[in-house]
Amino acid sequence: MAHVVVLGAGLGGAIMAYELKDQLRPEDKVTVVTKDPHYHFVPSNPWIAVGWRDREDITVDLAPTMKKKGIDFIPVAAEKLHPEENRIELVDGKSVSYDYLVIATGPELAFDEIPGFGPHGGYTQSVCHIDHAEAAKSVFEKLVANPGPVIIGAAQGASCFGPAYEFLFILETALRRAKVRDRVPMTFVTPEPYIGHLGLDGVGDTKGLLESQMREKHIKWMTNTRIKKVEEGHMFVEEINDDGTVKAERDLPFAFSMMLPAFRGIKAVSGIEGLSNPRGFTIVDKHQQNPKYRNIFAVGVCVAIPPMGPTPVPCGVPKTGFMIESMVTATAHNIGNLVRGKEPDSVGTWNAVCLADFGDGGIAFVAQPQIPPRNVNWSSSGKWVHLAKAGFEKYFIRKLRKGTSEPFYESLALKVLGIDKLKETTKG
């Protein structure tokens, strides 16, 4: 019997546990260790922040489903991973031993890297966590009652730009519906070298589509921008030239600001030589397997991926939902091989399929693979994206509640669209 532990139960971790149950032998055991017993559908957080969803709409109590699937569930945070001992130390003083470990923790949010940044004692809001989104909602309500300038965007080193663009346009739609948009100047501030870069050097015509939307909705933007500090009602930024020198310094006033932070690995798996990089992200090979600790795999935002290339202001590479699911499928297949005495042979495609909702429209893109050069590089916009995003939210939450990794109709739909989770050539 092999014992496989999944550390984390977010988008990657929860689906990871379900797929492992499908791939492992009947006698093998799966355990999930997570700090939060509830899963919250993170892509819906922008809707929470403007009052279009409530917490219960996007929350899944994982324990009953895990029990039904025969998965042990430990809702206790990890204190420290001890890979030499095949053991996870928990914050309650207990430990969990494993034969194989899948790290699926997601990131730690690095708000502390900028003075005055973030919702924890700072002056900017976030939609990275449902608690942040609920806090942002109360500030949004104050904005509607007393309109003023808005700044939306991301900090230097950020790797998750899609939600910033989403929230920008969702907020713009919400302000129009509240009939106060005419009193709210809006500015998008980003470290990206151009609008629509997304940490991916663009996908299809994301640059043209997003710039067009911003012009149409009278939103100004600043690229190649670094945040120095934030004070109450003021954001101090530097615009950077292509050679890295400071072009200009500006003091941007705001009544409401939602800014995405840079990410780093969580402390429990950081600072381990051969396992994590300097930012605490887990190092993996093409099989999602750590090169030093061969019984450790990683999926999701916690995986170390080098940036696309140098940019005047640092930009990370995003790990999108479908990309994470392809990591999960490859990992489940590879651990299934190992417990049967075979070698890992599955490689995730890392394809990206993204629906960015703008409140009454949106932009969709498909990148196969996510990191260039690509075989497919496509983007489109329209009201259908908003409807598709809402439909996917309902579908994915239902999938988690049922404990299904990939229903037949999802597999069939992906096949029809020509979107695969695993590469056809997996050897060598």
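- The side-chain hydrogen bond (donor to acceptor under 3.5 Å, both in side chains) analysis of residues 295-312, with sequence neighbours excluded, yields the pairs Asn86-Asn295.
- Here Phe297 contributes atom CZ and Asn290 contributes atom CG; the two are 9.5 Å apart, rounded to the nearest 0.5 Å.
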With side chain to side chain contact (heavy atoms under 4.5 Å, CB included) as the test, would you mind laying out the steps for Val328 and Leu11 before giving the verdict? CA-CA 10 Å; Val328 166; Leu11 184 150; over 6 Å; no

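- Side-chain atoms of Leu7 and Val96, non-hydrogen and from C-beta on, never get closer than 4.5 Å to each other.
- Between the side chain of Asn334 and the main chain of Ala330, a donor-acceptor pair closer than 3.5 Å is present.
- Distance check, rounded to the nearest 0.5 Å: CG of Asp54 to OG of Ser44 gives 11.5 Å.
- The main-chain N or O of Gly271 is found under 3.5 Å from a side-chain atom of Ser276 such that the two form a donor-acceptor pair.
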For the pair Ile335 and Val102, evaluate side chain to side chain contact (heavy atoms under 4.5 Å, CB included) and give the outcome as yes or no after the intermediate values. CA-CA 9 Å; Ile335 295 178; Val102 182; 3.5 Å; yes

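- Here Phe169 pairs with Phe358 under the ring pair (Phe, Tyr, Trp, His ring centres under 6.0 Å) rule; sequence neighbours left out.
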Using the side-chain hydrogen bond (donor to acceptor under 3.5 Å, both in side chains) rule, take Trp47 and Asp57 through it: C-alpha gap first, then chi angles, then the decisive distance, then the call. CA-CA 11 Å; Trp47 292 339; Asp57 297 329; over 6 Å; no

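- No salt bridge links Glu393 with Lys399; every basic N to acidic carboxylate O contact stays at or beyond 4.0 Å.
- Put simply, the side chain of Glu239 does not reach to within 4.5 Å of the side chain of Asn224, judged on heavy atoms.
- In summary, the aromatic rings of Phe41 and Phe396 are positioned with their centroids under 6.0 Å apart.
- Counting heavy atoms from C-beta on, the side chains of Met16 and Val299 come closer than 4.5 Å.
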Are Asp357 and Phe167 close enough, and set up right, to give a side chain to side chain contact (heavy atoms under 4.5 Å, CB included), and what steps lead you there? CA-CA 8 Å; Asp357 173 55; Phe167 187 71; over 6 Å; no

Does the pair Glu89 and His82 meet the rule for a side-chain hydrogen bond (donor to acceptor under 3.5 Å, both in side chains), with working shown? CA-CA 7 Å; Glu89 179 186 349; His82 301 277; 2.9 Å; yes

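- Of all non-hydrogen atoms in Pro83 and Tyr98, the two that sit nearest each other are CA-OH, 3.6 Å.
- Contacts of Thr245 classified as side-chain hydrogen bond (donor to acceptor under 3.5 Å, both in side chains), with partners at least two apart in sequence or in another chain: Asn241, Asp243.
- At least one side-chain heavy atom of Val32 sits under 4.5 Å from a side-chain heavy atom of Met66.
- Tested against Ile195 for a side chain to side chain contact (heavy atoms under 4.5 Å, CB included), the candidates Leu210, Thr206, Leu209 yield a single pass: Leu210.
- Taking all atoms of both residues into account, the shortest heavy-atom contact from Asn377 to Gly202 is OD1-O, 4.4 Å.
- Contact detail for Ala178 and Val144: the closest heavy-atom pair is CB-CG1, 3.9 Å.
- Put simply, the side chain of Thr329 never gets that close to the backbone of Ser326: no donor and acceptor are under 3.5 Å apart.
- A donor-acceptor pair under 3.5 Å is formed between the side chain of Thr225 and the backbone N or O of Thr223.
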Quick one, His120 with His132, criterion side-chain hydrogen bond (donor to acceptor under 3.5 Å, both in side chains). Give me CA distance, side-chain angles, the key distance, then yes/no. CA-CA 9 Å; His120 305 293; His132 300 165; 3.0 Å; yes

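- Closest of all the heavy-atom pairs between Gln156 and Ile114 is NE2-CD1, 3.8 Å.
- Classification of Glu249 and Lys228 as a salt-bridged pair holds, one side-chain N sitting under 4.0 Å from a carboxylate O.
- Listed by chain and residue number, nothing satisfies the side chain to side chain contact (heavy atoms under 4.5 Å, CB included) test with Ser270 (two or more places apart in sequence, or in another chain).
- Considering only heavy atoms from C-beta on, Val6 comes within 4.5 Å of Leu20 through its side chain.
- The side-chain tip of Arg374 does not point at the ring of Trp350 from less than 6.0 angstrom away and within 45° of straight on.
- Applying the side-chain hydrogen bond (donor to acceptor under 3.5 Å, both in side chains) test to every pair with at least one member in residues 159-172, sequence neighbours left out, gives these pairs: Tyr165-Glu192, Glu166-Lys389, Glu172-Arg176, Glu172-Arg181.
- Take Arg401 and apply the side-chain hydrogen bond (donor to acceptor under 3.5 Å, both in side chains) test, not counting sequence neighbours, and it matches no residue.
- Side-chain contact between Ile266 and Cys302: absent, with no pair of heavy atoms (C-beta onward) separated by less than 4.5 Å.
- Taking the side chain as every heavy atom from C-beta outward, Ile283 and Leu275 never approach each other to under 4.5 Å.
- Every residue meeting the side chain to side chain contact (heavy atoms under 4.5 Å, CB included) condition with Tyr123, not counting sequence neighbours, appears here in chain and number order: Val230, Glu232, Phe254.
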Could you walk me through whether His38 and Val60 pass the side chain to side chain contact (heavy atoms under 4.5 Å, CB included) check? CA-CA 6 Å; His38 296 98; Val60 178; over 6 Å; no

Between Ser257 and Gln125, does a side-chain hydrogen bond (donor to acceptor under 3.5 Å, both in side chains) hold up when you go through it step by step? CA-CA 6 Å; Ser257 176; Gln125 307 304 311; over 6 Å; no

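- With respect to Arg55 and Asp131, a salt bridge is recorded, a charged nitrogen being found less than 4.0 Å from a carboxylate O.
- Counting only heavy atoms from C-beta outward, the side chains of Leu168 and Met214 approach each other to under 4.5 Å.
- Partners of Lys394 according to the side chain to side chain contact (heavy atoms under 4.5 Å, CB included) rule, which considers only residues two or more places apart in sequence or in another chain, are Arg53.
- For Pro147 against Val184, the heavy-atom pair with the smallest separation is CB-CG2, 3.8 Å.
- Counting only residues at least two apart or on different chains, the ring-ring contact (aromatic ring centres under 6.0 Å, His included) pairs with a member in residues 194-238 are Tyr194-His197.
- Qualifying side-chain hydrogen bond (donor to acceptor under 3.5 Å, both in side chains) partners for Glu273, counting only residues two or more places apart in sequence or in other chains: none.
- Every residue was checked against the side-chain hydrogen bond (donor to acceptor under 3.5 Å, both in side chains) condition with Thr124, not counting sequence neighbours, and none meets it.
- Here the closest heavy-atom approach between residue His333 and residue Ser346 is recorded as CB-OG, 3.3 Å.
- Take Arg279 and apply the side chain to side chain contact (heavy atoms under 4.5 Å, CB included) test, not counting sequence neighbours, and it matches Ala110, Glu113, Ala262, Arg264, Asn277, Phe281.
- Not one N or O on the side chain of Lys137 forms a donor-acceptor pair closer than 3.5 Å with the backbone of Ala49.
- Judged by distance alone, the side chain of Gln288 and the main-chain N or O of Ala298 form a donor-acceptor pair under 3.5 Å.
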